[in-house]
Amino acid sequence: MDITFLNPGVDHMLQSILAFQEEDEAAFWSEPLYHFYPQLDRNHAASLPFPRRKEYIERTLRDAYPRLEGTIDERVSRYARHWASCRGQVNAALTDAFGVDCGELFNDLRCHVGMNPIAPRFLRERRFDVFYLNSERGAVGLAIHELIHFVWFYVWNGLYRDSYDQYERPSLKWILSEMVAESVMRDPRLSSINPYFPREAGGCIYPYFFDMEAGGAPILDTLERMYRAQPIQDFMKSGYAYCLEHETEIRAHIQKSEG
């Protein structure tokens with residue numbers, strides 16, 4: 001796998017940001033924008049009708065972009081250099097984890113470095129976003145998380161032959177893939193270069209998974225044991241069956257946590 005880091009331009013950044021500012025979006029996804037851009041008045045935005053709120057956000061951030069462009073371009077170069085130094089060990093670790101030659105997969109991935117504090121990925125387009133305020137180690141740590149998803153769903157799709165439309169939020173398949181990223185990341189070749197690992201350093205998965213329980217037991221502990229005990233394709237089957245069994249608990253916890 002290889003990644004091209006680039007500045008996608010302000011129009012793409014705004015499209016990415018506004019996708020998480022929909023009228024019915026949970027606070028977990030929409031609120032970080034106001035933390036990182038204090039020039040956005042949260043109370044004023046909330047008082048506006050929804051179309052005008054989006055116009056306000058877009059206008060304010062478009063005005064901010066010229067002051068950030070040089071920093072974003074500089075981060076693109078730094079992230080690319082650091083990735084080049086880590087690429088070999090990442091590919092080796094993911095090859096072992098998934099049983100496929102990752103050196104021959106996804107050599108056309110693009111990482112868009114931009115203003116969105118939420119970092120979405122787009123499996124079909126083979127691209128993902130990284131927030132420009134990350135350090136180079138942080139950017140590569142986040143990139144590894146996304147690479148895990150790309151390979152996970154490559155293997156998953158070969159096993160199930162289902163639709164990529166089922167792999168995104170809020171499907172249960174997406175939820176499972178987000179939870180198991182921590183188990184894959186425990187490989188020392190990955191965890192040693194991810195500053196967000198372990199949990200005490202912030203964690204490499206959404207924090208609401210840390211205290212999630214299913215059937216009276218911490219769900220991450222159960223999935224970790226299953227992951228360690230089985231070949232990856234067997235784990236995909238048993239892990240998904242386990243999540244289906246406890247889907248009501250899983251979704252209730254996420255809904256409460258996302259606000």
Side-chain angles (χ1 to χ4, degrees), residues 15-37 40 42-43 45-51 53-54 57 116-124 128-131 142 145-146 148-150 152-153 156 160 162-185 196-227 235-259:
Q15 181 182 20
S16 176
I17 287 168
L18 292 174
F20 293 91
Q21 298 298 319
E22 296 296 334
E23 194 164 19
D24 58 351
E25 188 59 87
F28 181 87
W29 302 100
S30 63
E31 285 296 308
L33 189 69
Y34 296 96
H35 171 78
F36 288 104
Y37 298 100
L40 284 170
R42 179 190 284 102
N43 293 329
S47 73
L48 297 172
F50 179 63
R53 186 187 316 157
K54 294 187 78 169
I57 292 171
N116 190 357
I118 305 298
R121 69 172 179 274
F122 304 89
L123 294 170
R124 280 185 168 141
F128 60 96
D129 289 6
V130 163
F131 190 32
L142 293 173
H145 175 104
E146 301 305 339
I148 289 170
H149 290 302
F150 278 99
W152 171 274
F153 282 118
W156 179 284
Y160 284 103
D162 50 4
S163 170
Y164 268 68
D165 293 337
Q166 301 176 36
Y167 301 164
E168 302 296 347
R169 182 171 71 104
S171 79
L172 193 63
K173 295 174 184 180
W174 172 83
I175 293 169
L176 172 61
S177 75
E178 291 292 346
M179 290 192 289
V180 301
E182 183 181 65
S183 293
V184 179
M185 195 77 73
Y196 302 124
F197 188 93
R199 296 178 194 178
E200 291 76 12
C204 63
I205 59 175
Y206 296 122
Y208 53 63
F209 291 130
F210 297 153
D211 62 348
M212 179 185 288
E213 293 191 353
I219 194 167
L220 293 181
D221 290 352
T222 301
L223 289 172
E224 171 74 12
R225 288 194 296 272
M226 296 167 68
Y227 174 79
F235 169 69
M236 288 177 171
K237 294 176 182 178
S238 61
Y240 188 55
Y242 169 74
C243 289
L244 281 172
E245 181 183 355
H246 297 285
E247 183 172 8
T248 300
E249 296 167 83
I250 290 169
R251 291 197 179 278
H253 182 92
I254 291 175
Q255 183 176 15
K256 179 179 178 182
S257 300
E258 288 187 347

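What you see is a predicted model; the values in this text were computed from it and never measured.
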Would you tabulate the side-chain donor-acceptor contacts of residues 204-214 under 3.5 Å, counting partners in other chains and residues two or more places apart, or write 'none'?
residue, atom, partner, partner atom, Å
Tyr208, OH, Glu258, OE2, 3.1
Asp211, OD1, His253, NE2, 3.0

Side chain to side chain, [X] and [Y], heavy atoms closer than 4.5 Å:
X	Y	value
Phe20	Pro117	no
Glu168	Leu123	yes
Leu176	Trp152	yes
Thr222	Tyr242	yes
Val130	Phe128	yes
Ile219	Glu249	no

Output yes when a side-chain donor or acceptor of Ser177 lies under 3.5 Å from a complementary backbone atom of His149, and no otherwise.
no
Examine distances only and state if a side-chain atom of Arg251 and a backbone atom of Pro170 form a donor-acceptor pair shorter than 3.5 Å.
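It does hold such a pair.
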Indicate yes or no: does [X] engage [Y] in a salt bridge with an N to O separation below 4.0 Å.
X	Y	value
Arg199	Glu182	yes
Arg121	Glu178	yes
Lys173	Asp165	no

Distance in Å, [X] [atom1] paired with [Y] [atom2], rounded so as to fall on 0.5 Å steps:
X	Y	atom1	atom2	answer
Ile250	Cys243	CD1	SG	4.0 Å
Leu220	Arg225	CG	CZ	11.0 Å
Trp156	Gln166	CH2	CD	9.5 Å
Ile17	Tyr37	CD1	OH	5.5 Å
Phe122	Phe150	CZ	CZ	9.5 Å
Phe50	Glu23	CZ	CD	5.5 Å

Identify the two heavy atoms, one from [X] and one from [Y], that lie closest to each other, and give their separation to 0.1 Å.
X	Y	answer
Tyr167	Ser163	CE2-O, 3.5 Å
Arg53	Leu48	NH2-O, 3.5 Å
Ser16	Asp129	OG-OD2, 2.7 Å
Ile148	Met185	CD1-CE, 4.0 Å

Glu31 and Arg42: CA distance, side-chain angles, deciding distance, salt bridge (Lys or Arg N to Asp or Glu O under 4.0 Å) verdict
CA-CA 9 Å; Glu31 285 296 308; Arg42 179 190 284 102; 2.6 Å; yes
Apply side chain to side chain contact (heavy atoms under 4.5 Å, CB included) to Ile57 and Tyr34, showing your working.
CA-CA 10 Å; Ile57 292 171; Tyr34 296 96; 3.7 Å; yes
Test log, rule side chain to side chain contact (heavy atoms under 4.5 Å, CB included), inputs Leu142 and Phe131
CA-CA 10 Å; Leu142 293 173; Phe131 190 32; 5.9 Å; no
Please assess Trp29 against Arg169 for the test side chain to side chain contact (heavy atoms under 4.5 Å, CB included), listing each intermediate value before the final yes or no.
CA-CA 12 Å; Trp29 302 100; Arg169 182 171 71 104; 3.3 Å; yes
